[in-house]
Number of protein chains: 2
Amino acid sequence: MIAAAAEILDEEGIAGLSVRAIADRAKTSTIGVYSHFGGKKGVLNALYISGFEQLGASVEDVRRENTGASHERILLAIDAYLEFEARKPRLYALMFDAQGDRFQPDPEATRAARAAFVKLVAVFLAARPDWSRVHAARIAFESWALVHGLVMLRTHQTLKQSPAAWQRTVRSAARNYLFGAMNDRINRPK
Amino acid sequence: MIAAAAEILDEEGIAGLSVRAIADRAKTSTIGVYSHFGGKKGVLNALYISGFEQLGASVEDVRRENTGASHERILLAIDAYLEFEARKPRLYALMFDAQGDRFQPDPEATRAARAAFVKLVAVFLAARPDWSRVHAARIAFESWALVHGLVMLRTHQTLKQSPAAWQRTVRSAARNYLFGAMNDRINRPK
DNA sequence: TCATGATCATAACAACGTTATGGTTGAGTA
DNA sequence: TACTCAACCATAACGTTGTTATGATCATGA
């Protein structure tokens with residue numbers, strides 16, 4: 001049933017994700033959504049968790065498979081992040097919905113989001129083992145914010161860029177931030 | 001009537017913003033929403049436009065009133081941006097809703113968002129008159145992305161920070177990015 | 001075999017955005 | 001002044017949504 005929901009979300013977006021649509025696609029009646037997931041909110045939570053698990057896994061793949069130059073590793077994690085969003089833009093939008101008044105993830109879903117962030121921090125620590133965990137978490141958080149903000153504003157301002165050019169833009173912005181963060185204590189813009 | 005809608009949004013969030021609730025608060029019947037705004041979408045568009053106008057105005061105030069050090073001016077614009085979000089978090093969330101499948105702003109609303117961005121670019125140009133318009137727009141866009149991403153992830157990860165500490169975090173991240181951006185052609189993280 | 005919990009089909013409910021219907025009001029024109 | 005027309009309004013009804021209620025079926029364990 002969660003596969004049915006994921007398909008509908010990918011194809012029609014959140015507006016098409018009604019309890020009846022899910023039940024129809026799963027070839028059951030609406031009561032199944034309630035008995036299996038406790039209702040629509042349960043479906044949204046399951047999708048949310050699935051999204052963060054996928055995102056975390058793609059970031060972790062980068063950490064495991066790459067032992068190159070430290071910042072290139074970070075940029076590859078960012079590439080993986082962008083690739084996930086490009087593949088599943090509607091799932092991404094659900095995961096980062098600004099309207100907390102509509103859907104608030106439950107504690108398990110919140111933990112999945114935190115776990116994905118921890119995996120992102122792990123990439124930063126692998127790239128920069130000289131950083132403290134606190135420092136790496138801060139830089140990871142701010143890098144994530146930059147990339148997430150770019151993703152959101154790209155859609156918001158309806159920017160037209162080829163995927164390759166977009167990737168270059170994001171990488172360049174991230175490199176600028178990282179460079180500044182590395183020189184944080186020495187040079188500060190006046 | 002738009003004031004009624006704005007009040008409900010501020011108090012109850014998007015989930016409370018129904019056609020009936022707006023009509024009740026405006027002491028009219030629901031038909032008024034349709035004759036004045038063409039329906040609920042029209043109300044959302046009007047709120048969206050109002051939000052970007054307010055945001056643009058607060059950024060423009062900074063440009064007009066400050067002639068200090070160039071980067072401090074940029075950081076003051078960021079402060080104004082954060083202050084707007086802190087004052088109107090639910091309006092901000094409506095303006096930057098990730099779920100385009102639920103509400104897509106109409107062309108006039110999109111223009112209002114663009115106009116606010118142009119005002120932000122103007123702050124960057126005033127701070128750095130040696131920059132080309134294209135370069136300033138790029139740096140403004142990326143700065144905006146960083147700040148917006150930080151705002152979004154703060155809520156998403158339910159970070160607890162005092163307003164003053166939060167402001168310092170955002171300023172620090174923005175300074176790092178700006179420093180990197182200014183040294184873009186000379187030093188690049190490897 | 002019986003009891004119980006899980007699952008299911010269906011109908012009904014309340015709330016939602018919207019449309020339909022008929023009425024009122026104000027402005028403009030003959 | 002009377003008539004017409006457009007704008008606005010109150011109310012009801014419609015179709016859709018998430019949810020609950022009801023009764024039935026099925027599987028499992030004692």
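Lettering follows sequence order; numbering is per chain, from 1. Just so it is clear, the structure is predicted and the values come from calculations on it, not from any experiment.
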Pairing residues for [X] by the ring-ring contact (aromatic ring centres under 6.0 Å, His included) criterion, not counting sequence neighbours:
X	answer
A:F117	A:W144
B:Y177	none
B:W131	B:H135

A:E85: salt bridge (Lys or Arg N to Asp or Glu O under 4.0 Å) partners, not counting sequence neighbours: none

Sub-6.0 Å ring centroid separation between B:F52 and B:Y92: no

Residue among A:I22, A:L44, A:V43, A:L47 satisfying side-chain contact (heavy atoms from CB on, under 4.5 Å) with A:L9: A:L47

Spacing of A:D24 atom CG relative to C:dT10 atom P, expressed in whole Å: 12 Å

Close approaches to DNA chain D from residues 7-20 of chain A, in residue order (heavy atom, under 4.0 Å): A:L17, A:S18, A:V19, A:R20

DNA chain D contacts made by residues 33-50 of chain B, counting heavy atoms under 4.0 Å: B:S35, B:H36

Non-neighbouring partners of A:A23 that pass side chain to side chain contact (heavy atoms under 4.5 Å, CB included), sequence neighbours left out: A:T28, A:T30

Exam field: side chain B:T169 to backbone B:A165, donor-acceptor pair closer than 3.5 Å: yes

Contact interval (first through last nucleotide) of DNA chain D with protein chain B, 4.0 Å heavy-atom: D:dC9 to D:dA13

Summary of ring pair (Phe, Tyr, Trp, His ring centres under 6.0 Å) pairs that have at least one residue in residues 21-43 of chain A, sequence neighbours excluded: none

Neighbours of DNA chain C within residues 101-109 of chain A, by heavy-atom distance under 4.0 Å: none

Smallest separation among heavy atoms of B:H148 and B:Y81, with atom names: CB-OH, 4.0 Å

Members sharing B:V134's hydrophobic cluster (side chains within less than 4.5 Å): none

Hydrophobic cluster (4.5 angstrom, side-chain heavy atoms) - remaining members for B:V62: B:L76

